[in-house]
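Here the structure comes first, spelled out in structure tokens, and everything after it is commentary.
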Amino acid sequence: MKRFNSSGGVSPPPVRRKVESTTTKTAVASFFTPISQKKPEKITWRVVNKSLIAGRYTSGPAGENAQTQSKSVKRRKVAAFDLDSTLIATASGNRFARDASDWKWWNNKVPEKLKQLNADGYQIIILSNQKKISLQTDLKAGRSESKSLANFKEKVLAIMRQLDIPLSIYAATQYDVYRKPRTGMWKEFVDDYDLDVDDTKVDLEGSFFVGDAAGRPGDHSCVDRDFAANVSIKFHTPEEFFLDASPEQVIRQFDPKAYIDVDPDAPVVSTFSKLHPVELVIFCGSPGAGKSTFYWKYLKPLGYERVNQDLLKTRQKCIKVAKENLSAGHSVAVDNTNANTETRAYWTEIAKEFNIPIRWLRILLSSVPFFSPPLISESDTDFLISWGEEQNPESRTLLPGIAFADFARRFEEPTLAEGFEDITRVEFRFEGDEDSRKVWGQFWV
């Protein structure tokens with residue numbers, strides 16, 4: 001339809017507002033390029049043990065030269081970084097990113113600093129705990145991978161493209177050996193880059209890790225600082241490394257080394273005597289407090305039969321097996337947590353039924369109060385599991401922190417008034433050779 005102006009002439013068509021396109025010339029050229037002629041993507045992905053995500057980015061000639069130069073050095077310097085709140089932050093200001101595009105550099109100095117490290121011959125890696133990523137496929141939505149994983153890959157690729165330097169990322173999605181402060185991600189990196197052979201090693205003295213979980217007031221944890229300690233490399237916070245800030249106060253809830261070098265003359269129960277031909281011994285202690293170890297070392301040789309709910313699965317099955325052994329004239333050790341009076345009452349009633357003495361064995365956590373999360377038990381559990389069959393003959397798996405906190409919440413101090421003949425307290429005491437001492441002394445939680 002024609003438009004007429006006030007003078008009777010025909011008006012020109014309205015001017016359309018120009019819309020800036022976000023599509024680049026490179027993207028357009030790539031779209032019309034036959035697949036057979038397209039260059040391969042610079043990043044490759046793989047998943048290790050259905051748990052660890054590993055991505056490796058290769059860059060242009062400048063980055064490759066720096067990479068080649070670093071490979072010629074027998075001792076490789078490594079610059080390792082956490083991801084969130086260290087290299088990047090959310091653009092929205094939310095605690096967690098809304099989507100793959102919701103990110104910005106933590107500080108505008110970050111990309112410049114990383115490029116300089118690459119030019120200086122550092123091998124740069126990112127080591128990140130990413131428990132919100134699911135590795136399960138999402139078939140309902142027609143995807144070959146979960147939305148959380150796809151978003152993570154998209155965001156990381158955007159970060160790597162902006163840097164365009166050789167870079168690897170490792171993301172731990174489970175509560176396992178890969179999760180910081182455990183060293184599984186570092187070991188995977190060392191293996192990927194052949195840094196565990198005789199002529200090529202990591203220069204630990206010249207390497208460092210930067211992360212925001214540093215044990216400072218207000219930090220959500222100390223896992224980044226503890227990870228660096230486990231790997232034996234220097235540690236910096238993002239503020240210290242990128243902004244030259246002064247170090248802040250560190251608050252560590254738990255240092256395992258403090259429980260290794262205890263006073264050798266400190267009282268500790270190292271033996272256990274059987275007082276009656278048939279008796280019932282009840283353990284009390286957090287998961288990982290050493291109850292099973294104490295049984296195998298001290299009670300099993302005395303002929304006690306063991307009842308354990310982890311193996312028998314239900315309390316009723318435990319009661320059934322205990323009664324069968326007592327009926328046959330065997331003493332029984334109940335190797336469960338038995339946190340409160342209500343739970344312990346099941347066993348005092350059985351002792352009354354069989355008219356036998358009942359004794360109480362409390363496995364303590366060496367100065368760690370029961371009303372706080374018993375980190376020494378959690379740490380000890382993770383150590384035993386990681387150390388192999390010798391220390392973990394029952395092939396136990398890692399326990400979530402809630403298992404330890406739940407015991408602390410339910411715990412009630414046992415008393416003789418419950419019907420016990422005696423209560424024996426067992427303080428924690430590390431026992432092991434030098435190799436196991438080094439492993440136990442690492443940070444696990």
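In what follows, every heavy atom counts, from backbone to side chain, and hydrogens, waters and symmetry copies are set aside.
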Between S207 (side chain) and V78 (backbone), is there a donor-acceptor pair under 3.5 Å? yes
Between the side chains of T341 and E412, is a donor N or O closer than 3.5 angstrom to an acceptor N or O? yes
Here the gap from M160 atom CE to K155 atom NZ, rounded to the nearest 0.5 Å, amounts to 12.5 Å
Sequence neighbours left out, cut at 3.5 Å: what donor-acceptor pairs do the side chains of residues 220-228 make with other protein atoms?
unit_1, atom_1, unit_2, atom_2, d
S221, OG, V223, N, 3.4
D224, OD1, K180, NZ, 2.8
D224, OD2, D212, N, 3.2
D224, OD2, A213, N, 3.0
R225, NE, A214, O, 2.7
R225, NH2, A214, O, 3.3
D226, OD1, R252, NE, 2.7
D226, OD1, R252, NH2, 2.9

Are E418 and W360 close enough, and set up right, to give a side chain to side chain donor-acceptor pair (under 3.5 Å), and what steps lead you there? CA-CA 10 Å; E418 294 178 53; W360 194 257; over 6 Å; no
Any donor-acceptor pair under 3.5 Å linking the side chain of K313 with the backbone of D310? yes
For residues H236 and P247, determine if any side-chain heavy atom of one lies less than 4.5 Å from a side-chain heavy atom of the other. no
With a 3.5 Å distance limit and no angle check, can you tell me whether R344 reaches the backbone of A339 through a side-chain donor-acceptor pair? yes
L87 and its side-chain contact (heavy atoms from CB on, under 4.5 Å) partner, picked from L163, V210, I126: I126
Side-chain contact, heavy-atom cut-off 4.5 Å: V110 with W105? yes
With no hydrogens and no angle check, do the side chains of S92 and D102 hold a donor and an acceptor under 3.5 Å apart? yes
Checking N49 against Y178 for the side chain to side chain donor-acceptor pair (under 3.5 Å) test, could you report, in this order, the C-alpha distance in whole Å, the side-chain angles of both residues, the deciding distance, and whether it holds? CA-CA 10 Å; N49 295 330; Y178 298 112; 2.6 Å; yes
Side-chain heavy-atom pair L127, W186 within 4.5 angstrom cut-off: yes
Step by step, work out the ring pair (Phe, Tyr, Trp, His ring centres under 6.0 Å) result for Y122 and F208. CA-CA 10 Å; Y122 279 87; F208 58 85; 5.7 Å; yes
Between I125 and L167, does the side-chain contact (heavy atoms from CB on, under 4.5 Å) criterion hold? Intermediate values first, please. CA-CA 6 Å; I125 59 173; L167 182 64; 5.8 Å; no
Should the ring pair F411 and F407 be called parallel, tilted or perpendicular, given that the plane angle runs from 0 to 90° and is split at 30 and 60? tilted
Could you tell me whether a side-chain N or O of N118 sits under 3.5 Å from a main-chain N or O of I165, the two making a donor and an acceptor? no
Would you say that more than 12 heavy atoms from the other residues, nucleotides or ligands in this model lie under 6.0 Å from the NZ of K234, or not? yes
For residues D244 and E239, determine if any side-chain heavy atom of one lies less than 4.5 Å from a side-chain heavy atom of the other. no
Does the side chain of Y170 come within less than 4.5 Å of S128's, by heavy atoms? no
Quick one: does V48's side chain get under 4.5 Å of E188's, heavy atoms only? yes
Flag, side chain of S134 to backbone of Q136, donor-acceptor distance under 3.5 Å: yes
Taking the cut-offs as 6.0 angstrom to the six-membered ring centre and 45 degrees off its axis, would you call K113 and F242 a cation-pi pair? no
Before giving the answer on salt bridge (charged side-chain N to carboxylate O under 4.0 Å, His left out), spell out for E205 and R75 the whole-Å C-alpha distance, their side-chain angles and the decisive distance to 0.1 Å. CA-CA 10 Å; E205 185 64 29; R75 294 285 176 177; over 6 Å; no
Check the side chains of S148 and N151 for a donor-acceptor pair under 3.5 angstrom, ignoring hydrogens and angles. no
Test your reading of the model: is there a side-chain donor-acceptor pair from K291 to the backbone of G285, 3.5 Å cut-off? yes
Regarding K77 and D203, does a basic nitrogen lie under 4.0 Å from an acidic carboxylate oxygen? no
Euclidean distance, T237 OG1 relative to E248 CD, rounded to 0.5 Å: 6.5 Å
side-chain contact (heavy atoms from CB on, under 4.5 Å) partner of Y57, the single match among V156, I159, I169, D164: D164
With a cut-off of under 6.0 Å to the ring centre and 45° to the axis, is R182 in cation-pi contact with Y175? yes
Nearest 0.5 Å, what's the CE-OG distance between M185 and S51? 9.5 Å
Hey, is K147 close enough to D99 for a salt bridge, meaning N to O under 4.0 Å? no
Test log, rule salt bridge (charged side-chain N to carboxylate O under 4.0 Å, His left out), inputs E342 and R410: CA-CA 10 Å; E342 180 183 358; R410 295 185 299 110; over 6 Å; no
Check: L243 main-chain N/O paired with N107 side-chain donor or acceptor under 3.5 Å: no
Quiz question: by atom type and distance under 3.5 Å, do the side chains of R179 and T173 form a donor-acceptor pair? no
Report, as yes or no, whether the 6.0 Å neighbourhood of atom CZ on R46 holds more than 12 heavy atoms from other residues, nucleotides or ligands. yes
For the residue pair D335 / Q309, report whether a side-chain donor-acceptor contact shorter than 3.5 Å exists. no
